[in-house]
K.L.:
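This is the structure, below, for whatever I ask next.
Keep in mind that the numbers below use all heavy atoms, side chains included, and drop hydrogens, waters and symmetry copies.
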Amino acid sequence: MRVKVGAEPSAKPISGLLFGKFCEHLGANIYGGMEAQILFNPTFGRWQFAQEDPASGGVCLDPRPETVRKRTEQLVGQRGWSDARRIEEAFHNGLGYGWIPIGNIERLRFSSDAGAQGRVQRVEVRDLEANQTAGIGQETYLPLHRIRKYEFCMVARAIAPIELSLSIAKADAPGLPLVSANLSLGRERHVYTGRLEIPTDAPREAVYLIAAEAKSSAHFIIERLLLYPVDHLDGADPEIVRLLRESGLTLLRWPGGNFVSGYRWEHGIGPVDQRPTVPNPAWDGLEFNSFGTAEFISYCRRVGCEPLICVNAGNGTPEAAAGWVEYCNGAADTPMGRLRSEHGFPSPFEVHYWEVGNEIFGRWQVSWTTPAGNADRYRRFSRAMRAVDPSIRLIATGAQLEGADSEWNQTLIAECAEPELCFSDHPLIGLSVGPDDDPLELFHFHAAAPTFLGRIYQELRSYLRDRGVPGARVALTELQTFSHFRGPREGESPTSEPRMTPETMPGQDTITEALYWASTLFEAIRLDGFVELITHSATVNHGGGLRKRRERVWCNPVHYAHGMLSCLAGARR
């Protein structure tokens with residue numbers, strides 16, 4: 001066997017921007033992941049069950065009962081709730097998705113109203129007998145391994161003044177609250193806050209029930225109910241923040257991903273309880289807008305990393321993108337800088353890195369486009385954004401895994417040949433595999449992929465030099481193994497002794513992801529600056545890195561690899 005070691009030295013230091021991560025409003029990446037807020041659907045929004053809409057991109061509603069049932073069963077399994085049927089029935093009877101009735105169901109009525117922030121929950125309690133209570137609640141786990149104190153925020157009003165009890169009990173003993181707070185609801189909308197402390201003898205691993213109950217006939221409206229551990233960091237989960245900081249994270253990309261092609265940044269600024277809840281434009285569920293621009297900047301500062309913001313080049317406009325740049329970077333006497341100051345942030349956020357669009361070549365993307373359409377969008381967006389702040393560094397949308405042979409990339413290079421042009425690639429490498437496939441072959445497939453990527457970028461670098469743009473760069477703004485276990489094909493009987501299962505599959509939770517990321521990093525280092533940055537997918541519950549379920553956090557191998565290799569930032573090859 002002959003082994004070749006690429007040990008050519010370089011005068012350039014290894015860029016710290018190669019050690020970034022990506023986060024998106026998808027599943028439990030931010031809500032239920034990076035955020036510390038515990039409750040599901042805390043704004044009682046009109047839940048979206050979605051399917052892909054290839055005609056116009058993004059998603060469309062899929063309200064079929066079988067879809068609701070399937071998604072609910074999945075959700076209950078993930079969150080450790082006790083009864084999918086109960087969730088489903090409550091949803092069909094007018095209660096916000098994920099919430100359940102508490103007490104005598106016959107004495108409860110639910111409906112929704114339109115509020116300034118979207119759907120609000122109306123609850124009517126009728127004809128209660130003595131010592132009875134009734135209302136709404138949600139099962140949940142609590143991070144009792146580290147904290148016993150919790151703070152709540154409820155926005156509510158009543159048709160006539162009432163006393164409402166907000167309590168936490170074990171889910172298997174709902175009538176015996178461990179702690180409670182009595183709230184006097186009046187006719188006017190009010191923000192109620194307080195603290196609840198769980199007794200020290202309460203078990204850590206139990207399922208708990210948080211409930212809002214009336215003790216007599218009542219008619220009240222809840223806009224939102226949030227529950228935070230008191231050790232949260234501006235709303236962020238302190239364990240996630242600590243682990244990301246310890247890993248040497250240098251750069252964080254947000255807010256998407258497919259999500260960004262339908263995102264309105266204006267929804268995520270200002271007072272949180274005045275922000276709207278809207279359908280997620282790319283995925284199942286809702287966008288609560290509690291994690292917006294200011295929260296993202298705060299998150300980056302706590303972790304100690306640079307922010308990278310991806311703007312909506314799907315159904316967004318150059319003017320909106322320029323407004324976002326001004327909101328982040330403008331002086332306090334500019335229109336958007338003045339608005340930022342009114343929101344409590346007089347100093348600019350100083351966001352240097354901005355990405356113009358995400359995968360707008362793909363039909364899964366809201367307002368996807370053509371190669372020429374992408375070049376046109378980049379020209380218009382870059383002109384508007386740089387007019388606000390000429391110092392920002394822009395990343396155009398490049399093709400996916402196509403390099404110099406791509407019409408998409410060739411058109412962008414020809415029509416937008418800036419001396420320092422930078423465009424993205426998303427090396428999401430994977431296959432659809434089943435029980436008869438060989439896990440070792442799949443491992444080798446992932447292990448070999450970075451060498452393939454290195455060749456693509458070497459050819460792309462040569463192509464750019466030949467066309468007079470030697471300063472151009474590529475940015476890997478999404479990167480992960482992307483194989484999926486499909487199970488037996490239609491008509492096949494399940495294999496009695498499968499070669500591969502979801503548990504034994506080489507993938508994002510295994511050493512495979514760590515080796516794929518590290519090998520791609522080394523290819524980028526050997527390219528001596530041509531790869532400007534890497535934001536690996538992702539922070540929590542979406543790809544490799546960190547996992548959080550039922551309020552417990554743990555690390556996958558790639559997280560440890562990132563921590564081991566981040567010390568290379570600033571070193572010389």
K.L.:
Would you indicate whether the side-chain heavy atoms of Ile198 and Leu144 approach each other to under 4.5 Å?
P.N.:
yes

K.L.:
For Ser82 and Glu139, which I'm curious about, is there any donor-acceptor pair between the side chains at under 3.5 Å?
P.N.:
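Per modelled atom types, Ser82 and Glu139 side chains form a pair under 3.5 Å.
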
K.L.:
Please step through side chain to side chain donor-acceptor pair (under 3.5 Å) for the pair Glu287 and Tyr31, ending with a clear verdict.
P.N.:
CA-CA 9 Å; Glu287 173 48 45; Tyr31 305 124; 2.5 Å; yes

K.L.:
How close do Leu412 and Ala396 get, counting heavy atoms only, and between which atoms?
P.N.:
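That would be CD2-CB, 3.8 Å.
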
K.L.:
Find the distance between CD (Glu35) and CD (Glu295) and round it off to the nearest 0.5 Å.
P.N.:
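Nearest 0.5 Å value for the CD-CD distance: 8.0 Å.
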
K.L.:
Could you walk me through whether Met505 and Val433 pass side-chain contact (heavy atoms from CB on, under 4.5 Å), step by step?
P.N.:
CA-CA 9 Å; Met505 175 181 147; Val433 297; 3.9 Å; yes

K.L.:
For the pair Asp437 and Arg499, find out whether any cationic side-chain nitrogen is under 4.0 Å from an anionic carboxylate oxygen.
P.N.:
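A salt bridge is absent here (no side-chain N lies under 4.0 Å from a carboxylate O).
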
K.L.:
With rounding to the nearest 0.5 Å, note down the distance linking CD in Gln480 to OG1 in Thr520.
P.N.:
11.5 Å

K.L.:
Does the side chain of His426 pick up a donor-acceptor pair with the side chain of Thr477 at under 3.5 Å?
P.N.:
yes

K.L.:
Between Thr67 and Asp62, do the side chains contain a donor N or O and an acceptor N or O under 3.5 Å apart?
P.N.:
yes

K.L.:
Can you tell me if CZ on Arg148 sees more than 12 non-hydrogen neighbours from other groups inside 6.0 Å?
P.N.:
yes

K.L.:
In terms of side-chain heavy atoms, does Asn409 have a donor or acceptor partner in Tyr463 at a distance below 3.5 Å?
P.N.:
no

K.L.:
Is it the case that the side chains of Glu359 and Trp368 hold a donor-acceptor pair, with the cut-off being a distance below 3.5 Å and no angle test?
P.N.:
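No, because no side-chain N or O of Trp368 sits under 3.5 Å from a partner of the opposite role on Glu359.
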
K.L.:
Run the salt-bridge test on Asp83 and Arg85 with the 4.0 Å N-O cut-off and return the result as yes or no.
P.N.:
no

K.L.:
Under 3.5 Å, side chain of Asn289 to main-chain N/O of Thr277, donor-acceptor pair present?
P.N.:
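Not a single qualifying donor-acceptor pair exists.
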
K.L.:
Any chance CD of Glu407 has more than 12 other-residue heavy atoms, nucleotides or ligands included, within less than 6.0 Å?
P.N.:
no

K.L.:
Under a 3.5 Å threshold, yes or no: a donor from one side chain and an acceptor from the other, between Thr411 and Asn374?
P.N.:
no

K.L.:
Give a yes or no on whether Arg242 atom CZ has more than 12 heavy-atom contacts from other residues, nucleotides or ligands under 6.0 Å away.
P.N.:
yes

K.L.:
Thr481 and Ser483: side-chain donor and acceptor closer than 3.5 Å?
P.N.:
no

K.L.:
Is there side-chain contact between Leu95 and Phe91, with at least one heavy-atom pair below 4.5 Å?
P.N.:
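Of all side-chain heavy-atom pairs linking Phe91 with Leu95, none is under 4.5 Å.
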
K.L.:
Would you say the side-chain atoms of Asp438 pair up with the backbone N or O of Leu440, donor to acceptor, closer than 3.5 Å?
P.N.:
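At least one qualifying donor-acceptor pair exists.
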
K.L.:
Hey, are Thr72 and Glu88 close enough side-chain-wise for a donor-acceptor pair under 3.5 Å?
P.N.:
no

K.L.:
List the steps, then state whether side-chain contact (heavy atoms from CB on, under 4.5 Å) holds for Phe22 with Leu251.
P.N.:
CA-CA 8 Å; Phe22 158 52; Leu251 182 70; over 6 Å; no

K.L.:
Would you name the heavy atoms of Gly268 and Tyr263 that are closest together and state the gap between them?
P.N.:
CA-OH, 4.0 Å

K.L.:
Could you give the distance from OG (Ser15) to CG (Asp528), rounded to the nearest 0.5 Å?
P.N.:
11.5 Å

K.L.:
Assess, by modelled atom type and distance only, whether the side chains of Glu513 and His536 contain a donor and an acceptor separated by less than 3.5 Å.
P.N.:
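Their side chains do contain a donor-acceptor pair, which is all the 3.5 Å distance test asks for.
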
K.L.:
Going through the distances and angles, do Thr539 and Asn29 end up as a side chain to side chain donor-acceptor pair (under 3.5 Å)?
P.N.:
CA-CA 7 Å; Thr539 47; Asn29 185 196; 2.8 Å; yes

K.L.:
Do Tyr150 and Tyr228 make the cut of ring centroids closer than 6.0 angstrom?
P.N.:
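Ring-ring flag for Tyr150/Tyr228: false, centres at least 6.0 Å apart.
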
K.L.:
Side chains of Leu252 and Phe296: closer than 4.5 Å at any heavy-atom pair?
P.N.:
yes

K.L.:
Check this for me, if you would: do Arg526 and Glu523 make a salt bridge, where the nitrogen-to-carboxylate-oxygen distance has to be below 4.0 angstrom?
P.N.:
yes

K.L.:
Please report whether the ring centroid of Phe49 lies less than 6.0 Å from that of Tyr97.
P.N.:
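For Tyr97 and Phe49, the ring centres are under 6.0 Å apart.
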
K.L.:
So that I can tick it off, tell me whether Glu205 and Arg552 are bridged by a salt bridge, with the cut-off set at under 4.0 angstrom between side-chain N and carboxylate O.
P.N.:
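Yes, charged N to carboxylate O under 4.0 Å.
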
K.L.:
Please determine, by modelled atom types, if Trp283 and His25 share a side-chain donor-acceptor pair under 3.5 angstrom.
P.N.:
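There is no such pair (donor and acceptor under 3.5 Å, judged by atom type) between the side chains of Trp283 and His25.
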
K.L.:
Can a donor-acceptor pair be found between the side chains of Gln37 and Ser290 at a distance below 3.5 Å?
P.N.:
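The answer is no; no qualifying pair exists.
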
K.L.:
If you measure from the Lys or Arg side-chain nitrogens to the Asp or Glu carboxylate oxygens, is any gap between Asp509 and Arg547 under 4.0 Å?
P.N.:
yes

K.L.:
Do Ile136 and Phe44 have side chains that approach each other closer than 4.5 Å (heavy atoms only, starting at C-beta)?
P.N.:
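Of all side-chain heavy-atom pairs linking Phe44 with Ile136, at least one is under 4.5 Å.
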
K.L.:
Report yes if the distance between the aromatic ring centroids of His562 and Tyr560 is under 6.0 Å, otherwise no.
P.N.:
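Not close enough - the centres of the two rings lie 6.0 Å or further apart.
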
K.L.:
Short question: side chain of Ser424, backbone of Gly398 - any donor-acceptor pair under 3.5 Å?
P.N.:
yes

K.L.:
Would you say the rings of Phe259 and Trp254 are close, in the sense that their centroids are separated by under 6.0 Å?
P.N.:
no

K.L.:
Taking the side chain as everything from C-beta on, heavy atoms only, tell me whether Phe482 gets closer than 4.5 Å to Leu431.
P.N.:
no

K.L.:
Just by distance, with hydrogens left out, do Gln48 and Asn280 show a side-chain donor and acceptor under 3.5 Å apart?
P.N.:
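No.
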
K.L.:
Hey, are the side chains of Pro174 and Leu209 touching, using non-hydrogen atoms and a 4.5 Å cut-off?
P.N.:
yes

K.L.:
Quick check: closest heavy atoms across Gly262 and Asn315, and the distance to 0.1 Å?
P.N.:
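Looking at all heavy atoms of both residues, the closest pair is CA-OD1, 3.5 Å.
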
K.L.:
In Å, rounded to the nearest 0.5 Å, how long is the span from CD of Glu73 to CH2 of Trp81?
P.N.:
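Rounded to the nearest 0.5 Å, the CD-CH2 separation comes to 13.5 Å.
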
K.L.:
Give, for atom CG of Leu18 and atom CG of Leu527, the distance between the pair rounded to the nearest 0.5 Å.
P.N.:
10.0 Å

K.L.:
Between Trp517 and Phe522, is the ring pair (Phe, Tyr, Trp, His ring centres under 6.0 Å) condition met? List the steps.
P.N.:
CA-CA 9 Å; Trp517 171 81; Phe522 296 145; 8.1 Å; no

K.L.:
In sequence, state the C-alpha distance, the side-chain angles, and the governing distance for Val68 and Trp47, and then conclude on side-chain contact (heavy atoms from CB on, under 4.5 Å).
P.N.:
CA-CA 10 Å; Val68 178; Trp47 199 258; over 6 Å; no

K.L.:
Walk me through whether Ile87 and Ile100 qualify under side-chain contact (heavy atoms from CB on, under 4.5 Å).
P.N.:
CA-CA 6 Å; Ile87 299 285; Ile100 55 176; 3.5 Å; yes

K.L.:
Kindly compute the distance separating CG (Asp425) from CG (Leu453), expressed to the nearest 0.5 Å.
P.N.:
7.5 Å

K.L.:
Would you please test Arg119 and Gln121 for side chain to side chain donor-acceptor pair (under 3.5 Å) and show each step?
P.N.:
CA-CA 7 Å; Arg119 181 191 190 276; Gln121 185 66 58; 2.8 Å; yes

K.L.:
What I'd like to find out is whether the side chain of Asp237 reaches to under 4.5 Å of the side chain of Lys548, using heavy atoms alone.
P.N.:
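Asp237 reaches Lys548 side chain to side chain.
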
K.L.:
Look at Glu478 together with Arg253 and state whether they make a salt bridge at an N to O cut-off of under 4.0 Å.
P.N.:
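Answer for the salt bridge query: yes.
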
K.L.:
Below 4.5 Å, heavy atoms only, C-beta onward: do Leu225 and Leu39 meet side chain to side chain?
P.N.:
yes

